[in-house]
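Here's the structure, in structure tokens; my notes come after.
Side-chain atoms are counted along with the backbone in the values below, which use heavy atoms only and exclude waters and symmetry mates. Numbers here simply count residues along the sequence, with the first being 1.
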Amino acid sequence: MKIQLLPSTFDAQGVANLEQRLTCFVIDDCVAVDAGSIAIALNNEQRSKVRDIIVTHPHMDHVASLPIFIDDLYPSLKEPMRIYATEEVIGLLERDVFNWNLYPRFSDLKNDYGPVMEYIPIPIGEPFRVAHLNVVAVPVNHIVPTVGLVVSDGQKSVAFSSDTAETEDFWKMVNEMRGLDALLIEASFPDRLSKLAHVSRHFTPATLGQELRKLTHNGMDIMAVHLKPSYRDEIIGQLNALNIPKLRVMEPGRIYEW
Ligand SMILES: [Zn+2]
Ligand SMILES: [Zn+2]
């Protein structure tokens with residue numbers, strides 16, 4: 001399985017910046033998990049192939065350019081953009097984003113080929129199919145309804161924590177997965193901002209280190225993501241000090257294979 005965390009911004013020479021401001025992972029060039037930078041950083045091949053998007057929660061850094069992406073492709077979409085999310089998250093997207101005020105309600109619109117956007121409600125704790133992938137979603141502990149995911153292609157499995165603080169169901173799901181290859185987990189704030197992390201329901205390196213003790217098997221790669229750009233170096237220093245084998249910071253733009 002090939003996974004890329006899309007860059008959020010590029011410098012004047014077009015080189016991807018390492019700071020992650022927006023969240024969008026692309027799996028095998030065709031399925032997206034969240035859509036923060038989807039209209040900004042997909043290559044042309046990905047742009048022509050990504051038609052399945054899982055939205056873990058409706059925070060702006062995870063959906064910022066989703067409306068623009070659908071708008072960009074509007075006349076050329078030969079199949080609807082499929083948005084997979086829980087009923088709660090679909091309700092929030094319809095109320096707060098695709099509401100005819102912030103942006104058009106694309107789920108009501110058609111182009112020459114048919115509907116341009118379709119919601120697919122996802123179950124909690126039950127496997128569902130997204131393109132060639134099997135996915136299981138469980139709630140995590142964030143300030144709005146949010147799911148963590150395990151995604152499998154039949155050979156390899158990767159878990160995505162999404163945005164979360166201390167949580168239980170996600171670890172239960174991860175622990176039940178035999179042969180998990182990678183865990184992509186958030187580390188938003190440095191330890192000195194633990195109060196802010198607590199009220200906004202995010203991890204610091206210290207709470208992340210505590211949570212990883214809930215893992216009953218190890219050996220998988222652990223990729224830290226969602227480091228707030230203002231504190232990136234500080235968070236990386238604290239993650240390194242945890243001395244957890246196989247814990248690395250995921251680089252935007254780079255393609256990882258599992
Ligand atoms: Zn969030
Ligand atoms: Zn976020």
Side-chain angles (χ1 to χ4, degrees), residues 3 5 20-25 27 32-36 53-64 84-90 92-93 122-126 135-151 157-177 180 182-218 220-229 231-232 235-236 238-239 242 244 246-250 252:
I3 302 185
L5 169 57
Q20 184 192 344
R21 294 179 173 79
L22 303 167
T23 295
C24 178
F25 300 94
I27 304 173
V33 173
D34 289 328
I53 303 170
I54 306 168
V55 176
T56 65
H57 69 297
H59 274 159
M60 190 58 96
D61 51 325
H62 298 252
V63 300
Y84 301 77
T86 60
E87 295 274 13
E88 272 174 304
V89 169
I90 292 170
L92 294 170
L93 289 172
I122 62 174
I124 290 292
E126 298 290 331
V135 185
V136 182
V138 293
V140 290
N141 176 19
H142 197 34
I143 201 151
V144 293
T146 303
V147 290
L149 309 167
V150 171
V151 174
S157 301
V158 175
F160 297 76
S161 74
S162 190
D163 292 8
T164 188
E166 293 81 347
T167 188
E168 299 303 330
D169 291 355
F170 179 72
W171 296 115
K172 192 163 172 274
M173 171 173 71
V174 164
N175 285 334
E176 281 167 5
M177 278 298 304
L180 191 72
L183 166 63
L184 279 47
I185 188 155
E186 76 124 286
S188 296
F189 290 108
D191 290 335
R192 71 186 158 87
L193 296 178
S194 61
K195 278 199 184 118
L196 178 58
H198 180 72
V199 296
S200 59
R201 310 272 181 91
H202 285 293
F203 287 138
T204 64
T207 51
L208 172 57
Q210 289 285 339
E211 286 289 289
L212 288 174
R213 293 184 193 171
K214 297 178 182 172
L215 269 176
T216 56
H217 55 96
N218 46 32
M220 80 281 283
D221 290 312
I222 302 172
M223 312 301 296
V225 297
H226 207 273
L227 284 65
K228 294 279 181 189
Y231 316 111
R232 190 169 184 275
I235 298 167
I236 291 173
Q238 292 170 351
L239 288 170
L242 293 173
I244 294 172
K246 296 201 159 191
L247 171 60
R248 289 178 286 162
V249 175
M250 195 165 189

Might you point out which heavy atoms bring [X] and [Y] nearest each other, and give the distance in Å?
| X | Y | value |
| --- | --- | --- |
| Ala137 | Ile122 | CB-CD1, 4.0 Å |
| Arg21 | Pro229 | CG-CG, 3.7 Å |
| Phe189 | Ser200 | CE1-OG, 3.5 Å |
| Val89 | Thr56 | CG2-O, 4.1 Å |
| Ser157 | Met177 | OG-CE, 3.3 Å |
| Ala224 | Leu239 | CB-CD1, 3.7 Å |

Are the side chain of [X] and the backbone N or O of [Y] linked by a donor-acceptor pair below 3.5 Å?
| X | Y | result |
| --- | --- | --- |
| Asn218 | Lys246 | no |
| Asn175 | Thr216 | yes |
| His198 | Phe203 | no |
| Thr146 | His142 | no |
| Asp191 | Ala206 | yes |
| Ser161 | Glu186 | yes |
| Glu166 | Glu211 | no |

Item to complete: Quick one: do Met250 and Ile3 satisfy side-chain contact (heavy atoms from CB on, under 4.5 Å)? Show the steps, please.
Response: CA-CA 10 Å; Met250 195 165 189; Ile3 302 185; 4.0 Å; yes
Euclidean distance, [Y] [atom2] relative to [X] [atom1], rounded to 0.5 Å:
| X | Y | atom1 | atom2 | result |
| --- | --- | --- | --- | --- |
| Ile222 | Leu208 | CD1 | CG | 8.0 Å |
| Ile185 | Ser162 | CD1 | OG | 11.0 Å |
| Ile235 | Ser188 | CD1 | OG | 7.0 Å |

Discussion item. Between Lys172 and Glu176 (salt bridge meaning N to carboxylate O under 4.0 Å), is one present in this structure?
Written reply: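 Here Lys172 pairs with Glu176 in a salt bridge, since their nearest N and O are under 4.0 Å apart.
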Item to complete: Answer yes when Asp163 and Arg201 have at least one side-chain N-carboxylate O distance shorter than 4.0 Å, and no when they do not.
Response: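 A salt bridge is absent here (no side-chain N lies under 4.0 Å from a carboxylate O).
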Item to complete: Start with the C-alpha distance between Thr23 and Asp61, add both sets of side-chain angles, then the distance that settles side-chain hydrogen bond (donor to acceptor under 3.5 Å, both in side chains), and finish with yes or no.
Response: CA-CA 6 Å; Thr23 295; Asp61 51 325; 4.5 Å; no
Should [X] and [Y] count as side-chain neighbours, where that means a heavy-atom distance under 4.5 Å?
| X | Y | answer |
| --- | --- | --- |
| Leu215 | Met220 | yes |
| Pro145 | Leu92 | yes |
| Leu183 | Asp221 | no |

Worksheet item: Would Val55 and Val63 count as a side-chain contact (heavy atoms from CB on, under 4.5 Å) if you check the C-alpha gap in whole Å, the side-chain angles of each, and the deciding distance to 0.1 Å?
Response: CA-CA 8 Å; Val55 176; Val63 300; 3.8 Å; yes
